[in-house]
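So the structure is just underneath, and the comments pick up after that.
Below, chains carry the letters A, B, ... as their sequence lines are ordered, and counting in each starts from 1.
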Number of protein chains: 2
Amino acid sequence: MSMRTQYCGLTTEEFLGQTVSLCGWVHRRRDHGGVIFIDLRDREGLVQVVCDPDRADVFAAAESVRNEYCLRITGVVRTRPEGTTNSNLKSGKIEVLAHQVEVLNASVTPPFQLDDDNLSETTRLTHRVLDLRRPQMQRNLRLRYQVAMEVRKFLDSNGFIDIETPMLTKSTPEGARDYLVPSRVNAGEFFALPQSPQLFKQLLMVANFDRYYQITKCFRDEDLRADRQPEFTQIDCETSFMGEQEIRDMFEGMIRLVFKNVLDIDLPDPFPVMEFAEAMGLYGSDKPDMRVKLKFTELTDVMKDVEFKVFSGAANMANGRVVGLLVPGGAAMPRSEIDAYTQFVGIYGAKGLAYIKVNELAKGRDGLQSPIVKNIHDAALTEILARTGAKDGDLIFFGADKAKVVNDAIGALRVKIGHSEFGKSNGLFEDTWKPLWVIDFPMFEYDDENDRWTATHHPFTSPKDGHEDYMATDPGKCIAKAYDMVLNGWELGGGSVRIHRADVQAKVFDALKIDADEQRLKFGFLLDALQYGAPPHGGLAFGLDRIVTMMTGAESIRDVIAFPKTQRAQCLLTHAPSVVDEKQLRELHIRLRATEPAIKG
Amino acid sequence: MSMRTQYCGLTTEEFLGQTVSLCGWVHRRRDHGGVIFIDLRDREGLVQVVCDPDRADVFAAAESVRNEYCLRITGVVRTRPEGTTNSNLKSGKIEVLAHQVEVLNASVTPPFQLDDDNLSETTRLTHRVLDLRRPQMQRNLRLRYQVAMEVRKFLDSNGFIDIETPMLTKSTPEGARDYLVPSRVNAGEFFALPQSPQLFKQLLMVANFDRYYQITKCFRDEDLRADRQPEFTQIDCETSFMGEQEIRDMFEGMIRLVFKNVLDIDLPDPFPVMEFAEAMGLYGSDKPDMRVKLKFTELTDVMKDVEFKVFSGAANMANGRVVGLLVPGGAAMPRSEIDAYTQFVGIYGAKGLAYIKVNELAKGRDGLQSPIVKNIHDAALTEILARTGAKDGDLIFFGADKAKVVNDAIGALRVKIGHSEFGKSNGLFEDTWKPLWVIDFPMFEYDDENDRWTATHHPFTSPKDGHEDYMATDPGKCIAKAYDMVLNGWELGGGSVRIHRADVQAKVFDALKIDADEQRLKFGFLLDALQYGAPPHGGLAFGLDRIVTMMTGAESIRDVIAFPKTQRAQCLLTHAPSVVDEKQLRELHIRLRATEPAIKG
């Protein structure tokens, strides 16, 4: 016999007059006019249970229960008295008159109320099991499951096959730091947990699986920021015999379907496409938040000979850049707000925030309010106003520094203003979903610190057709077949067409100054595989945690992960990591280093 | 534009007269009457491509290609000439007359022919990418995917939700050895990779997710046998508010559906159910292969006073057991076969293999041929023949030793004879699928070595109703709500109803002599969770690798895993594990132990 006939939260008027058995938790108990009402909760929601004093045993049991007791209740479904229906509940038109109340398990008093919205993260993660009972967490994890299942259905219907790749794999100290796993059987050797299944999925393409996917854990031992976890989940996809456009179309379709089926949201069809160079030029970012209607105006060429040294200095610097950011209606911004933004851009390394308030263009210089305008000659000033298209009442902010500082600082300022009260009330922000493909990334970035070229994406990315020779002559000019899907300023996923020919792969390694011995040691198995008629292939990977965070509107990816780690990479629930037995270390052929006691981390 | 219009292997007569583009590998190339025929292969199979000398460029390209070259071919589909159709191929009625042959990638000569069936495992794992191109491996991994997808669909339709649990978790040195991961941020501390998500799934039940599943990697650092891998994949399931019978029904339904939808095999409905005690009694195993029609006959009570010391000694031993194994028709077995079986049971610790050949019952002792029968008195002999039901021409093998040795040795002998030529030709083996539930496992096993009780299943398993008190008074008598699903002698999966009450959990820990401090240290978070109205819950876990191995008929689980490890836990393809940089070890606060250079492992 079943413990229950259906879920509490799904007990509707269709069960009227029937005897039902329900299992769940006491969400709230209240005495009202000599009758005890219990809101019984399960994963589908609440139902109201009435315990009448006429039934002595039922009433006695009901009197004994407290919040979070686990109960089994048998009773008859009846309509609620007029005026007491609750339209917020699926079960809001009915109640269950209890004939039997069985305490399946008692509960001590919980350390917090489940409907308390002001809990610290430490409290929530320490008592994660109770935290997960909260409706918002229930919704988040169920939506996460829905997203993953929609993805699987889409990929299945398109011939993609889920193939598991190893978790215990080889350390390749490129990119992020590896998590290592000492080998017991092979003394002195270590496995690494995968940073991504990148090379394995390429091998699966060479092995003729044609279309692969996996929703899998990846690991990076990085210093944790708000949106990072030591382990994270990737929707990892790869296909043979498809070009860049086909790949993008395929996965754009997947994301559109997920948003439609899970949230009933229609994303644009097709997504806009923007070249990396344009994104950096107009927004200072390769993942611009397109909800914000502000753009950079390029002014580097205009500022080379102005008297204002901050501008002319940056304009004449090797990697310098000067831009304007026109803020329509910004002349009304109070001094205090401008000061706050000046502080804000400082976070990104900007040394100040020059501006011009355009009060009245007709008055010429007298119509401009600005601490810097006196040191900018007429021709430059005219060009600034013309290029930005400034009108009376607008404000222009300026960034002038190394290009990286300008892009980071003014890019962040653009977003900050867009999301501010000012931005929202001045029509600078459109509250919607704005996806975007950013394409044509550079193959290489110059690493000033180590004086060498590094791969922007990863070293297995294909150059654009005709760009192969730039790798030797002018790596900076070489464009990659790489693409990122961006939504509202977040990178949802990214990928590339891969190199399928050994000779091209060798040219990339040459450009990266990875010599033959190192190539063989680290990537020998890939180079071997490419020799056996590797097919043209490419793919991409999405960050599931991030997609679900966006879709739920959660504040942190920790809110869409059942058992996350803190920013110190600890699990407050199980107290992992922890010290282990000396015997375990001995079996693994390792010992602890003596560390200064005070230094931890 | 797409590189291909469809798969090679799916190019059938429905495309007759059409121009198609196909991508794939040269499976075979042959010249025949001045024409070049290429069997082009992709994941869906082969298609025959005809390259005619009339088209000079096509012919020249075709002449240059070798096996495993990756090609793109455009051509027209036409019927094969009469008498040349191939009914083994979906494309066997057509061929493609090539108009264009494009070499997408050349191939060096592969180290072996893809149709060579005599490759060593070392060769196959070293060149895994080519090995995976072989049709059998393609089939195995696609069937694996089908199984996983059918499981997901079934669980989804029954309200189970896939929730990811952590890979970086806490070491609890119970059961198998953990794989450890040193923490960089928390010096001197370690994560463990999960041996199973057992505790997390129980926490998810307490957290009101009601029905959970996950197809996930688990890790055990054990000495590897033929059918073990350091990482393996578990179909892990848990549900609240269901009793043992309901849980078994649910998952029996799942496995039946998988076999039906993937292999079109109807497993029996319902599966037979057998108590652990009966399984051990009749088959000496908790996972009996029910295809073998041989059973033990219990003789311990009969042998207490026989002269033959091997029997009487075992019969009077505390944990001793004497059984007979009747082999119908076995009197015809040649001496050499009996000798081989005697050697065979030695592997399991049996010191010999007594037997009686029943030549002619009517002749009494003279009709029996046996080295031992003279030392067995009449009453015992009569009882042996009566209980086994031996007939003329039969043979009875005997096992007499500690029960464990008898069960292991005669249990293995039973299977060995059943699967032998003799067994198959004498109707002792039924070649079909014989699933079985084994239930009512003992809660505890006595560990002689450490002189204490250990949990048979795991310490979170619920005792049967009414057995709670045995835990303190007579642990050996306590039966658990545990169940295994067995198929043809393999354990497909197993599980239990869990303990949901803290007081019962405490009794188990007491019986296992885990004191309060240790309980808190290792399982504090579980005990805490049980306090907050934990619901009745239970579940089970299936071994996906094993299920797929059985379903594909593969010889090893390594044949259903894309990138497996060897028995020395190494990946021959990527050469993991490997030595790592000193810098990496320093960051992780560990150093290598100096080991004797010769000792590795």
Exercise. Among M3(B), R43(B), K170(B), which has the most heavy-atom pairs under 4.5 Å with chain A?
Worked result: R43(B)

Exercise. Out of K565(A), H575(A), R142(A), Q245(A), which one racks up the most heavy-atom pairs below 4.5 Å with chain B?
Worked result: K565(A)

For this session: Sort M167(B) into side chain, backbone, both or neither according to what part of it lies under 4.5 angstrom from a heavy atom of chain A.
Result: both

For this session: Could I get the full list of salt bridge (charged side-chain N to carboxylate O under 4.0 Å, His left out) partners for D223(B), not counting sequence neighbours?
Result: R184(A)

Exercise. Can you tell me how far NZ of K522(B) sits from OG of S578(A), rounded to the nearest 0.5 angstrom?
Worked result: 11.0 Å

Problem set entry | Side chain to side chain, V108(B) and Y532(A), heavy atoms closer than 4.5 Å | yes

Problem set entry | Pairs of heavy atoms under 4.5 Å with chain A: top-ranked of F525(B), Y179(B), Y145(B) | Y145(B)

For this session: Quick one: which of A529(A), A534(A), A562(A), S183(A) has the most heavy-atom pairs under 4.5 Å with chain B, could you say?
Result: A534(A)

For this session: State, to 0.1 Å, how close W25(B) and G533(A) come at their nearest heavy-atom pair, and which atoms those are.
Result: NE1-O, 2.7 Å

For this session: Could you please spell out the steps behind the salt bridge (Lys or Arg N to Asp or Glu O under 4.0 Å) verdict for R4(A) and D210(B)?
Result: CA-CA 12 Å; R4(A) 66 181 166 202; D210(B) 205 81; 2.7 Å; yes

Exercise. Under a 4.5 Å heavy-atom cut-off, does chain A meet the side chain of F160(B), its backbone, both or neither?
Worked result: backbone

For this session: Return the option, out of G243(B), A148(B), A192(B), P536(B), with the maximum number of heavy-atom pairs under 4.5 Å with chain A.
Result: P536(B)

For this session: Sequence neighbours left out, what passes salt bridge (charged side-chain N to carboxylate O under 4.0 Å, His left out) with E68(B)? Give chain and number order.
Result: R41(B), R133(B)

For this session: Name the region of C23(A), side chain, backbone, both or neither, that has any atom closer than 4.5 Å to a heavy atom of chain B.
Result: both

Exercise. Taking atom CG of D221(B) and atom CD of E587(A), what is their separation to the nearest 0.5 Å?
Worked result: 8.0 Å

Problem set entry | Option in P166(B), S240(B), G24(B), A502(B) with maximal non-hydrogen atom pairs under 4.5 Å from chain A | P166(B)

Problem set entry | R72(B) portion near chain A, given a 4.5 angstrom heavy-atom threshold | neither

Problem set entry | Engaged part of I561(A) at the chain B interface, taking heavy atoms whose separation is under 4.5 Å | neither

Exercise. Quick one: what part of D156(B) sits under 4.5 Å from any heavy atom of chain A, side chain, backbone, both or neither?
Worked result: both

Problem set entry | Distance-only side-chain donor-acceptor flag, Q531(B) / S107(A), under 3.5 Å | no

Problem set entry | Sidechain-backbone polar pair: N186(A) side chain, P577(B) backbone, donor-acceptor under 3.5 Å | no

Exercise. Within a strict 4.5 Å, meaning less than it, do heavy atoms of the R501(B) and N105(A) side chains meet?
Worked result: yes

Exercise. Is it true that a side-chain atom of R593(B) and a backbone atom of I590(A) form a donor plus acceptor pair closer than 3.5 Å?
Worked result: yes

Exercise. Would a distance-only check, ignoring hydrogens and angles, find a side-chain to backbone donor-acceptor pair under 3.5 Å from K217(A) to K217(B)?
Worked result: no

For this session: Please flag which part of L588(B) lies under 4.5 Å from any non-hydrogen atom of chain A: side chain, backbone, both or neither.
Result: side chain

Problem set entry | CG on L573(A) to OG1 on T169(B), rounded to 0.5 Å | 9.0 Å

For this session: Taking all non-hydrogen atoms of both residues into account, name the closest pair between P182(B) and P182(A) and its distance.
Result: CD-CD, 4.0 Å

Exercise. When only pairs under 4.5 Å are counted, which of Y7(A), Y69(A), F190(A) shares the most heavy-atom pairs with chain B?
Worked result: F190(A)

Problem set entry | Side chain, backbone, both or neither of R134(A) within contact of chain B (heavy atoms, under 4.5 Å) | neither

For this session: Apply the test side chain to side chain contact (heavy atoms under 4.5 Å, CB included) to residues D162(B) and M149(A): give CA-CA distance (whole Å), side-chain angles for both, the deciding distance (0.1 Å), then the verdict.
Result: CA-CA 9 Å; D162(B) 179 353; M149(A) 204 63 193; over 6 Å; no

Problem set entry | Contact origin within E44(A) toward chain B - heavy atom pairs under 4.5 Å | neither

For this session: Check whether R211(B) gets within reach of chain A through its side chain, its backbone, both or neither, counting any heavy atom under 4.5 Å.
Result: both

Seminar exercise, completed: One should read off an interatomic distance between S2(B) OG and F241(A) CZ, to the nearest 0.5 angstrom, of 13.0 Å

Exercise. Using non-hydrogen atoms only, which part of Q214(B) is less than 4.5 Å away from chain A: side chain, backbone, both, or neither?
Worked result: neither

For this session: Name the region of L544(A), side chain, backbone, both or neither, that has any atom closer than 4.5 Å to a heavy atom of chain B.
Result: side chain

For this session: Against chain B, label Q202(A) side chain, backbone, both or neither, depending on which of its atoms sit under 4.5 Å from a heavy atom there.
Result: neither

Exercise. Do R144(A) and E164(B) have side chains that get closer than 4.5 Å, going by heavy atoms?
Worked result: yes

For this session: Please name the pair of heavy atoms, one in Q138(B) and one in A207(A), separated by the smallest distance, quoted to 0.1 Å.
Result: NE2-O, 2.8 Å

For this session: Determine the interplanar angle of the F563(B) and F200(A) rings, folded into 0 to 90°, and report it as parallel if under 30°, tilted if 30 to 60°, perpendicular if over 60°.
Result: tilted

Seminar exercise, completed: Greatest number of non-hydrogen atom pairs under 4.5 angstrom with chain A, of T109(B), T126(B), V206(B), falls to V206(B)

Exercise. Picking from H500(A), M242(A), R152(A), which has the most non-hydrogen pairs under 4.5 angstrom with chain B?
Worked result: R152(A)

Seminar exercise, completed: Given L104(A), L132(A), I161(A), the one with more heavy-atom pairs under 4.5 angstrom with chain B than any other is I161(A)

Seminar exercise, completed: Counting heavy-atom pairs under 4.5 Å with chain B, the top scorer among I163(A), V580(A), L168(A), L141(A) is L168(A)

Exercise. At a heavy-atom separation under 4.5 Å, does L199(B) approach chain A through its side chain, its backbone, both, or neither?
Worked result: neither

Seminar exercise, completed: Counting heavy-atom pairs under 4.5 angstrom with chain A, the leader among D131(B), L204(B), N67(B) is L204(B)

